[in-house]
Structure formats: C-alpha cells, structure tokens
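Heads up, the thing below is written out as structure tokens.
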Amino acid sequence: MYKVINRFKETNHDGHIYEVGDNYPADGKKLVKARAEALTEVHEVYGVAFLKAVEEPKKATTKQAPKQPSTDGKSDA
C-alpha cells in the first residue's frame with residue numbers, strides 16, 4: 001500500500017487528484033506497481049516524491065486453542 005506525501009494529479013487515473021494522506025490507488029483504481037514505485041522516487045522536474053510505501057495493516061487473526069479432552073472422567077456419550 002502507498003500513502004500520498006505530496007499532492008498530485010494522476011494522469012493514469014483519469015486525472016484523479018490525490019491529496020496528502022490519501023491511500024494510493026484510490027478505491028476502484030488499479031495499482032500498477034511500476035507506476036507506484038516511480039512515484040516513490042524524487043521527480044526530476046518537481047524535486048519531490050509523491051508516494052511513500054507503507055506496510056499493509058495486518059488483519060487480526062484469533063487462534064482458538066485446541067479442544068482438550070475432558071478430565072472429569074465423564075463420557076460425552
């Protein structure tokens with residue numbers, strides 16, 4: 001995932017304006033990895049980078065403990 005660090009107009013996304021703090025790409029837009037990587041580098045004309053790569057937030061996973069056999073001597077049947 002990428003975060004916008006400088007406002008820019010993305011010609012590859014029908015002129016979509018990305019504001020500082022936005023996620024890139026916007027919802028419904030396709031991520032082209034090579035384009036995103038290019039936008040993380042300092043642009044030779046503008047002298048700034050437009051994106052910063054950020055780690056995807058980890059989805060919380062809960063693991064359940066395996067069922068332990070009953071130790072009370074009673075049968076489940």
Rounding to 0.5 Å, atoms CG (Leu51) and CZ (Phe8) come to a distance of 4.5 Å
Centroid separation Phe50 to Tyr18 less than 6.0 Å: no
Centroid separation under 6.0 Å, is that true for the rings of Tyr24 and His16? no
What's the shortest heavy-atom distance between Met1 and Asn23, and which atoms? SD-OD1, 3.8 Å
Contact summary for Gly15 and Lys9, nearest pair of heavy atoms: O-CG, 3.5 Å
Which heavy atom of Arg7 sits nearest to which heavy atom of Val20, and what is that distance? N-CG2, 3.8 Å
How far apart are the closest heavy atoms of Asn6 and Val4, and which atoms are they? O-CG1, 3.2 Å
Is Tyr2 linked to Tyr46 within one hydrophobic cluster, defined over Ile, Leu, Val, Met, Phe, Trp and Tyr using a side-chain heavy-atom separation of less than 4.5 Å? yes
Using a 3.5 Å distance criterion without hydrogens, assess whether the side chain of His43 forms a donor-acceptor pair with backbone atoms of Ala38. no
Taking side chain as C-beta onward, heavy atoms only, is Thr11 less than 4.5 Å from Arg35? yes
Residues Glu19 and Asp22: closest non-hydrogen pair is N-OD2, 2.8 Å
Leu39 with Leu31, same ILVMFWY side-chain cluster at under 4.5 Å: yes
Within 6.0 Å of NZ in Lys52, more than 12 heavy atoms from elsewhere: no
Lys/Arg-Asp/Glu bridge criterion (N-O < 4.0 Å) met for Lys29, Glu10: no
